[in-house]
Amino acid sequence: MLNSDLYDVVVVGGGPSGATAASDLARQGKRVMLLDKAGRIKPCGGAIPPIAIEEFAIPDELLVAKVNCARMVSPKGVTVDMPITGGFVGMVDREHFDEWLRARAAMLGATRVTGSYDSISRDSAGYVVVHYSSEGEADQKKPHTVRTRLVIGADGASSKVARQEIDASADVNYVYAYHEIVESPSPETGFDPKRCDVYYQGPVSPDFYGWVFPHGNTTSVGMGTAHKGFSIRNATAGLREAAGLKEAKTLRREGAPLPMKPLKRWDNGRDIVLAGDAAGVVAPASGEGIYYAMLGGRLAADAALQFLATNKASALASARKRFMKAHGRVFWILGIMQTFWYSSDKRRERFVSICRDKDVQDLTWQAYMHKKLVKAKPMAHIRIFFKDLAHLFGLARV
């Protein structure tokens, strides 16, 4: 091969994480290839906070809805509205959102390739050789190889790159997410196109939650669970009926695993670094992943730039270090919340009751919108602490 056939970075996976990494690298003049499967759409509620819109320059036309309220639904059917004051949550449809991100990467200079990642090897010069397949005539797969100095594995929760190259990838807990995209009913039917509904009910999910998220002309109805054998189709059918969407036309169905904890290691100490779901950066309790995936892609790109400039593999570890420094504490807290509050309908009932509290609402939305713990209101934190204790010991009224 000639040097012109050598890429600086090959990004495996073209979701929000991989596409962001490819864009950032191409913007810096690096020769980057973005490898992604055809027709891949991840099941996702599609919520992105204002900080994601700002940091990653998401145009307004990609927002299919702007949500100004979340409604929490308890096991007993009690509803608690959590209005958003002074802002909104943007909603995107991943079918169009992800493709726009990939197209932006290509516009900035990344080489887009449609194909399926197979494996990695190294040549005699020490470069990474990426083996992948493309679809040929009569569905015959055609093998291809490409050389690169570095690979960013952004190929999802079941990342083949991670399984082949990162030992820590075996230690991951998953929630399986499933949703159905349906046609949105008319607002005259009582459907609110600016409100997200979240169902904390055992029949919907024994250990996570169900959602009804508006996407303008369509709506995402789904749930997640880590319980094997739990019927996700039946649970979603029940959720649709409870939400008044039983007769809504189904446009597509999608399912995929979601990792619930960041991997202990994101690089192989040589020439591979992970990003997005492959690195485990989906928030526990909420299942939020788009912002964290895009940030992970950006941090992986930054680490790649350091690696390319210094040829020091130690630079690759900076992606995880920077992410955990900024968000590790939040993930830890959310993990505790999920383990405790989602463990039974009795606790879920109390959890929804807590959401009625204005201090909880204000601090929750501020933390979500800006992606950091709010330190400016110490008295509010103290009040919430004692209210939580009251709920934990059954002293508060539900």
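Only this structure's heavy atoms are used, side chains among them; waters, hydrogens and symmetry mates stay out.
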Is there a side-chain hydrogen bond (donor to acceptor under 3.5 Å, both in side chains) between Thr219 and Ser184? Walk through the geometry before answering. CA-CA 5 Å; Thr219 294; Ser184 297; 2.7 Å; yes
Apply side chain to side chain contact (heavy atoms under 4.5 Å, CB included) to residues Val130 and Tyr117 and explain how you reach the verdict. CA-CA 8 Å; Val130 177; Tyr117 166 84; 4.0 Å; yes
Yes or no on side-chain hydrogen bond (donor to acceptor under 3.5 Å, both in side chains) for His215 and Ser220, after CA distance, side-chain angles and deciding distance? CA-CA 7 Å; His215 289 178; Ser220 167; 4.9 Å; no
Walk me through it: do Tyr176 and Leu258 pass the test side chain to side chain contact (heavy atoms under 4.5 Å, CB included)? CA-CA 6 Å; Tyr176 192 84; Leu258 299 179; over 6 Å; no
Before giving the answer on side chain to side chain contact (heavy atoms under 4.5 Å, CB included), spell out for Arg320 and Val273 the whole-Å C-alpha distance, their side-chain angles and the decisive distance to 0.1 Å. CA-CA 9 Å; Arg320 187 184 189 279; Val273 63; over 6 Å; no
Given Met223 and Phe230, is the side chain to side chain contact (heavy atoms under 4.5 Å, CB included) satisfied, shown in steps? CA-CA 11 Å; Met223 51 75 67; Phe230 185 81; 3.7 Å; yes
Using the rule given for side-chain hydrogen bond (donor to acceptor under 3.5 Å, both in side chains), can you reason through His179 versus Thr236, listing the C-alpha separation, both sets of side-chain angles and the distance that settles it, and then say yes or no? CA-CA 7 Å; His179 80 160; Thr236 304; over 6 Å; no
Apply salt bridge (Lys or Arg N to Asp or Glu O under 4.0 Å) to the pair Lys42 and Asp277, showing each step before the final yes or no. CA-CA 11 Å; Lys42 181 184 174 184; Asp277 283 11; 2.5 Å; yes
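Remark: the backbone N or O of Ser74 is paired with a side-chain donor or acceptor of Gln201 at under 3.5 angstrom. Looking at Ser17, its side chain does come within 3.5 Å of a backbone N or O of Gly276 through a donor-acceptor pair. Listed for the Thr339 side chain is a donor-acceptor partner under 3.5 Å among the backbone atoms of Gly335. Looking only at distances, no side-chain donor or acceptor of Arg240 sits under 3.5 Å from a matching main-chain atom of Gly222. Listed for the Trp341 side chain is no donor-acceptor partner under 3.5 Å among the backbone atoms of Ala285. With hydrogens and angles ignored, the 3.5 Å screen pairs a side-chain donor or acceptor of Tyr174 with a backbone N or O of Ala157. The backbone N or O of Pro50 lies less than 3.5 Å from no partner atom in the side chain of His370, so there is not a single donor-acceptor pair.
Asp207 and Arg348 are not joined by a salt bridge, as no carboxylate oxygen comes within less than 4.0 angstrom of a charged side-chain nitrogen. In summary, Asp24 and Lys30 do not engage in a salt bridge, as defined by a charged side-chain N under 4.0 Å from a carboxylate O. Here Asp123 pairs with Arg147 in a salt bridge; the nearest charged N to carboxylate O distance falls below 4.0 Å. A salt bridge links Arg122 with Glu165: at least one charged nitrogen is closer than 4.0 Å to a carboxylate oxygen. Under 4.0 Å is where a charged nitrogen must lie from a carboxylate oxygen, and between Glu183 and Arg252 no such pair does. Salt-bridge formation is not detected for the pair Arg350/Asp345: no Lys NZ or Arg NE/NH1/NH2 atom is positioned less than 4.0 Å from an Asp or Glu carboxylate oxygen. By the 4.0 Å N-to-carboxylate-O rule, Asp81 lies close enough to Arg71 to be salt-bridged with it. We find that Arg298 and Asp302 are not joined by a salt bridge, their nearest charged nitrogen and carboxylate oxygen being 4.0 Å or further apart. Contact check on Asp36 versus Arg102 returns a salt bridge, with a Lys/Arg side-chain nitrogen under 4.0 Å from an Asp/Glu carboxylate oxygen. In this structure, Lys76 does not pair ionically with Glu349, as no charged nitrogen and carboxylate oxygen lie closer than 4.0 Å.
Following chains of ILVMFWY side-chain contacts shorter than 4.5 Å, one cannot reach Leu108 starting from Leu305, and the two form parts of different hydrophobic clusters.
Defined by atom type and a distance below 3.5 Å, a donor-acceptor pair is present between the side-chain atoms of His144 and Ser134. Side-chain polar atoms of Arg322 and Ser318 form no donor-acceptor pair below 3.5 angstrom. Neither side chain, Ser116 nor Ser133, offers a donor N or O lying under 3.5 Å from an acceptor on the other.
The nearest pair of heavy atoms linking Tyr291 to Glu55 is OH-OE1, 3.3 Å. In terms of heavy atoms, Pro16 sits closest to Met294 at CB-CG, 3.6 Å.
For Tyr199 and Tyr209, the distance between ring centers is not under 6.0 angstrom. Annotation: Phe323 is in aromatic contact with Trp266 [ring centroid separation under 6.0 Å]. In this structure, His327 has its ring center no closer than 6.0 Å to that of Phe331.
Here CD1 of Ile48 is found 10.5 Å from CZ of Phe56. Values are rounded to the nearest 0.5 Å.
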